[in-house]
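Below, read A as the first sequence line, B as the second, and so on, with proteins coming before strands; counting in each chain starts at 1.
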2 protein chains.
Amino acid sequence: MHSFLHSVRPNINPKVYSKDPFSSELGKKIIAESIVMIDEVGLESFTFKKLANRLETTESSLYRYFENKHKLLIYLTSWYWALMEYRLLYTTANLPIHEKIHASVKIICTPLSEEMIEGEVSLQKLLNIVIAESPKAFLTKDVDSENKEGYFTGFKRFSGLLGDIIKIVNPNYEYPYSLASVVIESAHYQRFYAAHLPKLCDARQESQLIQFLTDLINKTIQ
Amino acid sequence: MHSFLHSVRPNINPKVYSKDPFSSELGKKIIAESIVMIDEVGLESFTFKKLANRLETTESSLYRYFENKHKLLIYLTSWYWALMEYRLLYTTANLPIHEKIHASVKIICTPLSEEMIEGEVSLQKLLNIVIAESPKAFLTKDVDSENKEGYFTGFKRFSGLLGDIIKIVNPNYEYPYSLASVVIESAHYQRFYAAHLPKLCDARQESQLIQFLTDLINKTIQ
DNA sequence: GTTTATTGACAGTAATACTATTAAAATCGT
DNA sequence: ACGATTTTAATAGTATTACTGTCAATAAAC
């Protein structure tokens with residue numbers, strides 16, 4: 001798989017941005033550099049002022065693209081899930097059903113390769129952000145209204161696809177969609193724990209994590 | 001089990017507070033009312049100023065107990081996990097090993113009963129906070145230093161206990177501690193999803209959640 | 001009854017998260 | 001090449017947040 005974004009651009013809910021960042025040079029720089037900065041300093045310390053300084057532009061220019069940093073975060077995670085959905089469909093398309101689960105888990109646990117996207121954006125850093133910051137995007141008092149606006153469809157669709165695969169493998173299993181979301185969240189948390197709170201896990205390496213989660217799904221659904 | 005906190009007080013790392021909130025009336029009111037307020041408005045909108053207003057005291061008085069709201073959150077979650085550890089040990093103490101897993105999952109998925117604690121504090125609301133806000137306590141750039149200070153031992157210990165049980169049931173299973181933390185996090189996330197993002201789960205009721213997670217553990221470890 | 005701890009009242013600061021206005025620069029259609 | 005339009009830069013300003021510091025009033029402890 002290579003740089004498909006030259007032809008395919010992920011579909012992101014226009015409500016999350018005020019002005020399409022991919023419609024201008026500044027917009028693209030905002031995306032690329034915000035990923036670098038949020039990964040570097042964390043969402044809490046990240047401000048539009050700092051980003052403006054680094055991009056040698058002004059706060060007000062940034063506010064033309066995103067109402068606030070929360071919406072920018074939603075944008076970044078939506079983008080991630082759109083890429084992941086494409087990757088999942090692309091990779092599992094021609095696989096026999098019994099191989100799809102392992103392939104899916106592998107996709108969830110392995111960072112997007114840098115070739116998948118044009119130049120400036122670091123997908124490894126984007127994954128770091130999804131792991132460490134994306135729960136903050138929906139664990140808020142605005143979940144319900146933002147969910148209604150469709151801010152989380154990317155994640156929901158991806159999780160739904162994995163749920164669908166699980167359902168096909170065993171149509172009698174009662175909790176395919178719960179199991180799917182558990183596996184996705186866990187892939188992120190276990191990676192974070194391995195790096196920062198190692199007492200909470202024994203799956204320290206990517207290969208172990210993939211084995212752990214694949215096994216978890218397969219055994220659970222028989 | 002009844003109001004054991006009359007005799008047992010959870011042991012909380014003194015580094016998280018500047019002044020022990022249980023050493024004064026104001027301190028206790030801070031704990032009780034911050035739980036109500038954080039549950040009500042969410043961590044983002046919760047400020048010491050608002051809390052001071054509601055308690056008819058001043059910001060500076062609150063700052064004498066907690067350096068900032070992040071430390072207050074750490075305190076509340078530590079407290080929760082200390083209670084849960086006690087509950088887990090108490091409840092599973094005399095059970096045969098094959099029943100301990102189901103009992104543990106039940107404990108994780110069922111809110112602490114109000115009788116467990118003296119008067120003013122709502123344990124249901126404390127659980128809401130643990131579900132919706134506690135990831136924000138460790139998904140920060142300060143994890144490593146705060147972990148070193150022991151801010152997360154409560155959660156780590158609890159998760160470790162469940163891991164130990166899993167290990168006893170099947171000593172050959174490779175990922176008992178990963179499985180334990182997955183189940184605990186999932187119990188919280190699935191509850192949140194059921195309420196706010198129902199597409200992400202099929203285990204909508206507490207009883208289903210308990211069944212889903214018990215089954216997940218049992219099947220995974222054979 | 002005096003020391004000591006605790007709280008309340010008040011003032012103040014730096015940073016954050018914005019909004020608004022206007023001018024300059026780039027781009028775009030014809 | 002021209003004016004029209006869009007985009008950005010520069011600047012200013014506001015409300016709120018997240019604190020810190022000082023000092024007096026009060027309550028508790030010895």
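Regarding B:Lys29, its NZ atom lies at a distance of 16 Å from the P atom of C:dT6, rounded to whole Å. Whole-Å rounding puts the B:Asn53 CG to D:dT17 C1' distance at 13 Å. As rounded to whole Å, 13 Å separates atom C1' of C:dA17 from atom CG of A:Leu43. Residue B:Leu51 contributes atom CG, which lies 14 Å from atom C1' of D:dA18 at whole-angstrom precision. Atom C1' of nucleotide D:dT20 and atom CG of B:Leu62 are separated by 14 Å, given to the nearest angstrom. The CD-C1' distance, from A:Glu44 to C:dA15, rounds to 16 Å in whole Å. For the pair B:Phe66 CZ and D:dA18 C1', the computed distance is 17 Å after rounding to whole Å. Atom CG in A:Asn68 sits about 15 Å away from atom C1' in D:dT16, given to the nearest Å.
Where A:Ser45 and A:Ser60 meet DNA chain C, the nucleotide closest to each residue was compared, and A:Ser45 sits on the side nearer the 5' end. Both B:Glu67 and B:Arg64 lie near DNA chain D, and the one whose nearest nucleotide falls closer to the 5' end is B:Glu67.
Relative to the side chain of B:Tyr63, the nucleotides C:dT19, D:dC19, C:dA9 differ in distance, and D:dC19 lies closest. Residue B:Lys19 places its side chain closer to C:dT6 than to any other of C:dC18, C:dT6, D:dG21. Looking at the side chain of B:Lys50, the nearest of the listed nucleotides D:dT17, C:dT16, D:dT7 is D:dT17. When the nucleotides C:dT7, C:dT16, D:dT17 are ranked by their closest atom to the side chain of B:Leu26, C:dT7 comes out on top. Side-chain atoms of A:Glu59 lie closest to C:dA17 of the nucleotides D:dT11, D:dT20, C:dA17.
For the pair B:Ser24 and C:dT7, the criterion of a side-chain N or O lying under 4.0 Å from OP1 or OP2 is met. For B:Lys69 and D:dA18, the shortest distance from a side-chain N or O to OP1 or OP2 is below 4.0 Å. OP1 or OP2 of C:dT7 lies within a sub-4.0 Å distance of a side-chain N or O belonging to B:Tyr65. OP1 and OP2 of C:dT7 both lie 4.0 Å or more from every side-chain N or O belonging to B:Thr57. Of the side-chain N and O atoms in B:Ser61, one or more sit less than 4.0 angstrom from OP1 or OP2 of C:dG8.
Among A:Tyr86, A:Phe152, A:Trp81, the one residue that satisfies the ring pair (Phe, Tyr, Trp, His ring centres under 6.0 Å) test with A:Phe158 is A:Trp81. Across B:Tyr151, B:Tyr80, B:Tyr65, B:Phe66, a single residue satisfies ring pair (Phe, Tyr, Trp, His ring centres under 6.0 Å) together with B:Tyr75, and that is B:Phe66.
The closest side-chain donor-acceptor pair between A:Gln190 and B:Ser181 falls under 3.5 angstrom. In summary, the side chains of A:Tyr189 and B:Tyr189 do present a donor paired with an acceptor at a separation below 3.5 Å, with no hydrogens or angles considered.
Using a cut-off of 4.0 Å between Lys/Arg side-chain N and Asp/Glu carboxylate O, B:Lys71 and B:Glu67 are scored as salt-bridged.
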